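See below for the structure under consideration.
If you're wondering where the values come from, they're calculated on a predicted model, not measured in any experiment. By convention here, the first residue in the shown sequence is residue 1.
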Amino acid sequence: MEEVLEKANTQIDVLKELFSQLVEIVRERPGEYYRYHGDWRTEAQQVVSLFAFMHWLETGELLIHTKVEEKLGCKSHLVFFF
C-alpha cells in the first residue's frame, strides 16, 4: 500500500501546477467563472475525493478543506471549487 500512496503523492506537484494555471485563468476572467465552471468542476471534485481517500488511508482521519488547499497550493483562491 505504501508504494501506491508514494506513487500517487508524486503527482501532487503536477496537480499543483495545473490548479495554479486554472486559478490564473479564472482570476483573469472574473465575470466568466460560471460560464466555464462545468468544464473543470468534475475533475476538481475527483482530485479532492482522491486526496481525501489518500489522507484517510495514511492517517485514518477525515481530510479538512484547508488541507486540500495546502496540498494544491491555492489557499483560499479555490474555495469555489469544492
Do Y36 and I25 pass the side-chain contact (heavy atoms from CB on, under 4.5 Å) test, and can you show the C-alpha distance, the side-chain angles, and the key distance before you say yes or no? CA-CA 11 Å; Y36 298 105; I25 291 168; over 6 Å; no
Here the gap from E6 atom CD to Q11 atom CD, rounded to the nearest 0.5 Å, amounts to 13.0 Å
When rounded to the nearest 0.5 angstrom, what is the spacing between CD in E69 and CZ in F51? 12.0 Å
Tell me if the CD atom of Q21 is crowded by more than 12 foreign heavy atoms within 6.0 Å. yes
Common cluster, Y34/L22, ILVMFWY with side-chain heavy-atom separation under 4.5 Å: yes
L72 and its side-chain contact (heavy atoms from CB on, under 4.5 Å) partner, picked from L18, I12, L15: L15
F53 reachable from L5 in the ILVMFWY side-chain graph, under 4.5 Å edges: yes
Would K67 and I64 count as a side-chain contact (heavy atoms from CB on, under 4.5 Å) here? Give the steps. CA-CA 6 Å; K67 293 291 183 187; I64 60 173; 3.6 Å; yes
Start with the C-alpha gap between L63 and E58, add the side-chain angles, then the distance that decides, and say whether side-chain contact (heavy atoms from CB on, under 4.5 Å) holds. CA-CA 11 Å; L63 182 64; E58 292 171 337; over 6 Å; no
Decide whether M54 and W56 are clustered together by the hydrophobic rule: side chain heavy atoms of Ile, Leu, Val, Met, Phe, Trp, Tyr closer than 4.5 Å, transitively. yes
Distance check, rounded to the nearest 0.5 Å: K71 atom NZ versus K16 atom NZ? 9.5 Å
Using a cut-off of 6.0 Å, state whether more than 12 heavy atoms not belonging to E2 lie near its atom CD. no
Applying side-chain contact (heavy atoms from CB on, under 4.5 Å), run through V26 and W40 and close with a yes or a no. CA-CA 11 Å; V26 169; W40 44 264; 4.3 Å; yes
Separation of N9 CG from K7 NZ (nearest 0.5 Å): 13.0 Å
